[in-house]
Structure formats: structure tokens, C-alpha cells
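When reading the values below, keep in mind they use all heavy atoms of this one structure, side chains included, and skip hydrogens, waters and symmetry mates.
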Amino acid sequence: MTALGFLYPGHSAEDDYPRIEQLLGSDIRVDLVHTDLGEDVHRADALRVLGSPERLAAGVQELRHTGAEAVVWASASGSFGYGWEGAHEQVRGLAVAAGMPASSTSFGFVHAGRELGVRRVAIGATYPDDIAGLFADFLRAGGLDVVAVHASGIGTAAEVGAWGEAELFALARAADHADAEAVLLPDTALHTVSHVTALEKELGKPVLTGNQVTVWEALRLADRRVNAPTLGALFTREPIVQV
């Protein structure tokens, strides 16, 4: 059994995680601990409070009791909002506090892009323009070429969590660009897991989403490779037969 730990801010799309655990179809356990969301607003200063060491440390002790082998801070905006260097400091501090390998959703996107061998990406962000721009800057610092950014201008995670299939597909279509090799939907407050393969079929290219990438990043840290095609192209890099 491989146990994966996640620190998830507030309550929006956390039900994606038990769904992922089910779709992995192997001896993977997903343990989720909620951190304090604080002020629910997509604003730069609030995002830095959201991902502060104090907020993350509050959930670490509970997570250590689960036997997790790796921990991922399951927030894109609460990690890329610190910038490339600041996000590195954030996960270093998390690793020390947790006593295990650590990462964040934002680094998951960079590593997933490398895994798929894509360089040119388009962003479909629920955030306002300035916050979407911070994510684009983060990806560029990680070596990806951002060819298009679509920002929906949604102000809170609660609003995003209430989105359904129609809003999700509209976001993905609006984000897509002819030059993009993959489309990235970063918000972990957005329910996406049940729709990844349909989105990829619709767009004809890989789609990377916040919660999908977050779990993949934890598997990478734990040195586990799982073939789960219902979770999209990112989870088809390994043979179907697992040892």
C-alpha cells in the first residue's frame, strides 16, 4: 500500500480525490487534510496568506498520523502566487515540517508537462487576469512556453466549486489554441476528474487539471507509476500490467 498525503485548502472540489483513488485501481491510498482557507478570494496578498508556513504546518501533524509517504500542497494559486523561488522555499519548508518528500500543484504542472514531452501550453484559468498571469510566469520559469491565457475572472473558490460540466467544457474550449500541445486548467477548486478523458477527446490533445496533476505529483514523489487511462494521457505513460 502506498499512502499519499494532500493538504487541501477549504472545501470546494475535494471529492475529486476519493474519485481519483477509485480510478487508480491499485494499492494507492489518498489521504486529504483540509487547511484553513481564510479569506476566499483570488487576490495576490490573500493567496500568500493561504499558502503561508503557518497554514500548512497546521495540517502537517494530522497528515503524519496517516502514514503518508509524500505530501503535496493541493493548491495552484497558493503555490505559484509565491513565484518560482518562493514556491521552492514553500515546499522545502513543508518537507521539513512533514518529514517526507513534498511538492505542490504548481510544480506538478511543470513536471507533468515534462512527462508528456510538451512545451507549448495554453492556460484556462478560473482566476482574474492578474492571477492567471502569475501562473503563466511560473510555467515560463519552469521552461514551458505559454502560447495563450484565458482568464474567467472568478473571484472565489466557492464559485468555482459550484461549476458543472457545461462551465468546465466552456473554459477548456476558450483556453485552447492551435499552437498549444496541451491545455492546463490549474484551479484545484474546479471539479475535473470525471471529465478529463472527455475533455481530451473534445480538444484532441492532453488536458492537465489541478487535482489530477496534484495526485500524479504525489505518485511521482513516492516513486509509484500507475497506468490509469480514465485519468487522461498523463496516466498512460506506464504499461497496463503493474508489478
Side-chain angles (χ1 to χ4, degrees), residues 1-35 56-76 79 91-92 94-117 182 184-201 206-243:
M1 174 66 69
T2 300
L4 307 175
F6 302 92
L7 299 178
Y8 186 91
H11 298 267
S12 294
E14 66 269 27
D15 47 331
D16 267 1
Y17 289 83
R19 176 63 175 157
I20 292 174
E21 184 180 70
Q22 179 185 40
L23 293 174
L24 287 175
S26 61
D27 59 337
I28 306 294
R29 192 179 79 235
V30 171
D31 294 309
L32 197 72
V33 172
H34 295 275
T35 63
L56 299 187
V60 162
Q61 191 61 36
E62 182 180 349
L63 195 61
R64 291 178 69 177
H65 292 319
T66 68
E69 299 175 30
V71 58
V72 179
W73 167 224
S75 173
S79 46
V91 296
R92 281 196 292 266
L94 180 57
V96 170
M100 65 185 80
S103 189
S104 67
T105 299
S106 295
F107 287 118
F109 275 104
V110 172
H111 297 150
R114 294 172 183 169
E115 173 77 4
L116 290 172
L184 279 52
L185 309 178
D187 200 339
T188 58
L190 185 63
H191 291 88
T192 61
V193 167
S194 296
H195 307 290
V196 174
T197 54
L199 286 167
E200 292 187 336
K201 182 177 180 181
V207 175
L208 299 177
T209 76
N211 293 323
Q212 168 221 37
V213 159
T214 298
V215 174
W216 179 86
E217 179 73 349
L219 287 166
R220 187 188 69 82
L221 289 179
D223 199 26
R224 282 297 306 269
R225 311 283 292 187
V226 179
N227 186 291
T230 48
L231 287 170
L234 180 60
F235 281 83
T236 61
R237 310 294 286 179
E238 290 301 303
I240 293 177
V241 176
Q242 298 293 311
V243 177

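- Under the side chain to side chain contact (heavy atoms under 4.5 Å, CB included) rule, Leu208 has a single partner from Leu185, Thr192, Leu116, Val196, which is Leu116.
- Using a distance-only test at 3.5 Å, with no hydrogens or angles considered, a donor-acceptor pair links the side chain of His34 to the main chain of Gly10.
- At least one side-chain heavy atom of Thr66 sits less than 4.5 Å from a side-chain heavy atom of Arg29.
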- prompt: Taking it one step at a time, do Thr214 and Thr105 satisfy side-chain hydrogen bond (donor to acceptor under 3.5 Å, both in side chains)?
  reply: CA-CA 5 Å; Thr214 298; Thr105 299; 2.6 Å; yes
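- At a threshold of 4.5 Å between non-hydrogen side-chain atoms, the residues Arg225 and Leu219 do not count as touching.
- Not one N or O on the side chain of Tyr17 forms a donor-acceptor pair closer than 3.5 Å with the backbone of Val215.
- Contact detail for Glu69 and Pro101: the closest heavy-atom pair is O-CD, 3.3 Å.
- Between the CZ atom in Arg19 and the CG atom in Asn211 there is a gap of 13.5 Å [rounded to 0.5 Å].
- For the pair Glu14/Phe6, no side-chain contact is recorded, criterion being any heavy-atom separation below 4.5 Å from C-beta on.
- For Asp31 (side chain) and Gly5 (main-chain N/O), no donor-acceptor pair under 3.5 Å exists by modelled atom type.
- Using modelled atom types, one side-chain atom of Gln212 and one backbone atom of Leu231 make a donor-acceptor pair closer than 3.5 Å.
- Atom-to-atom distance recorded for Ser103:OG and Leu94:CG is 9.0 Å, nearest 0.5 angstrom.
- Here the closest heavy-atom approach between residue Thr2 and residue Arg224 is recorded as OG1-NH1, 2.8 Å.
- Although no hydrogens or angles enter the test, the distance criterion places no donor-acceptor pair under 3.5 Å between the side chain of Arg220 and the main chain of Ala112.
- The shortest heavy-atom contact between Ala3 and Gly67 is CB-O, 3.7 Å.
- Checked by atom type and distance alone, the side chain of Glu217 never pairs as donor or acceptor with a backbone atom of Val72 at under 3.5 Å.
- Val33 and Glu62 get closest at one heavy-atom pair: CG1-OE1, 3.7 Å.
- When all heavy atoms of Leu221 and Ala70 are compared, the pair lying nearest together is CB-CB, 3.7 Å.
- Ser106 places a side-chain N or O within donor-acceptor distance of the main-chain N or O of Ala76, the cut-off being under 3.5 Å.
- Between Leu234 and Val213, some side-chain heavy-atom pair lies under the 4.5 Å cut-off.
- Looking at every heavy atom in both residues, Ser12 comes nearest to Ala189 through CB-CB, 3.6 Å.
- With hydrogens and angles disregarded, no donor-acceptor distance shorter than 3.5 Å links the side chain of Thr35 to the backbone of Leu7.
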